[in-house]
**Q** 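This is the structure I have questions about; it appears just below.
Treat the numbers as computed from the prediction; the structure is a model and nothing was measured. Order of listing sets the numbers, starting from 1, for every ligand and every atom in it.
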Amino acid sequence: MKKFLAVLSTLVMLGSLASCGDNSSSSDNNSSNNDTKTTTAAKKDDAEANNDGDSNSGGKKTVGIAMPTKSLERWNRDGEYLKEQFEAAGYDVELKYSDNKTEQQNNDIQSMIADKVDLLLIAAIDGETLSQTLADAKAVDIPVIAYDRLIMNTDAVSYYVSFDNYTVGKLQGEFVRDTLKLDSEAGPFNIEFTAGDPADNNAGFFFNGAYDVLKDYISKGVLKVPSGKTTFEQVATPTWSTDKAFENMQNTLASYYSDGTKLDVALCSNDSTALGVAKAIDSDYSGGNAPLVTGQDGDIANLQNIVDGKQSMTVYKNVSDEAGVTLDVAKAILSGQTPDASLSLSAEAKYDTESYNNGVKVVPSYLLVPYVITKDSLDKLVDTGLYKWDSNNKYLESTASTT
Ligand code: BGC
């Protein structure tokens with residue numbers, strides 16, 4: 001079944017990636033195309049299982065999916081995997097991308113509430129701005145799952161499905177520690193940090209996970225931060241923008257490294273920022289060495305940089321599995337159960353009722369397991385079925401990017 005889903009995702013993603021270059025707000029707001037239905041025996045069985053008459057659209061339940069933007073690679077993958085897997089399980093899907101604009105996301109969710117969806121899955125653009133909209137969802141009994149990013153200051157969110165976000169950062173910090181042998185080498189090594197979007201609750205977890213591994217080495221002087229920028233606020237990157245990360249790194253290099261100071265590490269929280277940072281190192285750093293650059297996600301351009309030695313690692317998060325666990329939780333909710341630690345899941349995930357307090361309540365969470373990918377372990381990605389080697393056996397491409 002898993003293999004089947006991967007292949008199916010491939011076909012569905014073709015359409016999405018084809019529209020990826022079109023960055024107009026209308027392409028970032030394409031509602032689901034319910035014509036793209038698949039017909040297989042497996043799907044039919046699932047579909048019949050969910051076709052229980054208790055819904056608003058001819059017997060099928062409808063799931064509303066709100067994704068932040070098409071301009072960052074991973075959300076295209078998430079949206080398509082979710083749509084594909086929910087449809088294969090017999091649900092109708094309404095999928096909207098909101099162009100990284102918070103007002104648009106509120107409007108998009110309001111329109112799904114008006115459409116009487118049976119459940120909402122939301123990857124928030126800004127976790128702080130959805131309280132009123134979600135109160136409206138709660139008033140009409142629509143359950144909400146926060147997808148990947150926690151939604152803050154609301155009691156209307158029932159569950160959170162994500163990866164262990166602190167561990168993502170921790171893996172990046174440990175990679176730096178182990179690669180530079182910080183426990184035995186005297187250094188000093190120079191490091192600069194690039195973190196994520198302050199509006200995204202995940203961004204602090206990533207930064208803290210990495211910083212907590214490295215802070216003792218900073219206080220011992222084995223690691224030095226020539227820019228002095230060691231707080232999340234100082235190194236955050238609004239909207240996780242590649243261009244902004246590029247600009248920030250250019251400024252850092254001009255101000256602190258133009259005298260020949262060596263940069264050993266650029267600790268970047270994710271791949272979109274790592275892309276900008278690697279580009280700045282390429283164009284504006286003259287130190288001669290290739291600094292370690294960390295990332296997260298496994299975006300295609302970054303996997304290429306890993307092959308080319310411009311990025312050292314990425315923390316991989318299998319978002320097809322994330323979609324699968326979300327489906328497990330949603331199915332349980334929609335059939336009247338209260339998911340907990342005993343829920344049977346399609347991928348490994350930890351049930352956590354402590355870590356994610358959104359200011360109003362601790363949101364019960366299912367946290368999937370991230371892992372490190374380096375140049376030497378790219379084949380692990382091929383094993384997922386979601387990537388393959390290109391015709392020259394040099395770079396990885398998505399299994400969706402060619403027929
Ligand atoms: C996700 C990361 C992603 C970032 C930017 C975060 O919320 O967890 O995987 O790199 O957003 O899209």
**Q** For Tyr166 and Asp212, test the side chains for any donor-to-acceptor distance below 3.5 angstrom and give the result as yes or no.
**A** yes

**Q** Tell me the residues surrounding ligand 1, counting only those with a heavy atom closer than 4.0 angstrom, sorted by chain and number.
**A** Leu72, Arg74, Trp75, Asp148, Arg149, Asp200, Asn202, Phe206, Trp240, Asn270, Gln296, Asp297, Lys317

**Q** Is it the case that Asn318 and Tyr371 place a side-chain donor and acceptor less than 3.5 Å from each other?
**A**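 Side-chain D/A pair, Asn318 to Tyr371: absent.
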
**Q** Count the heavy atoms belonging to other residues, nucleotides or ligands that lie under 6.0 Å from NZ of Lys229, then report whether that count exceeds 12.
**A** yes

**Q** Would you mind telling me which of Asn165, Val362, Val157 makes a side-chain contact (heavy atoms from CB on, under 4.5 Å) with Tyr356?
**A** Asn165

**Q** Does CD in Gln110 sit with more than 12 non-hydrogen atoms of other residues, nucleotides or ligands closer than 6.0 Å?
**A** yes

**Q** side-chain hydrogen bond (donor to acceptor under 3.5 Å, both in side chains) with Gln311: which of Asn305, Asn302, Thr294, Thr374?
**A** Asn302

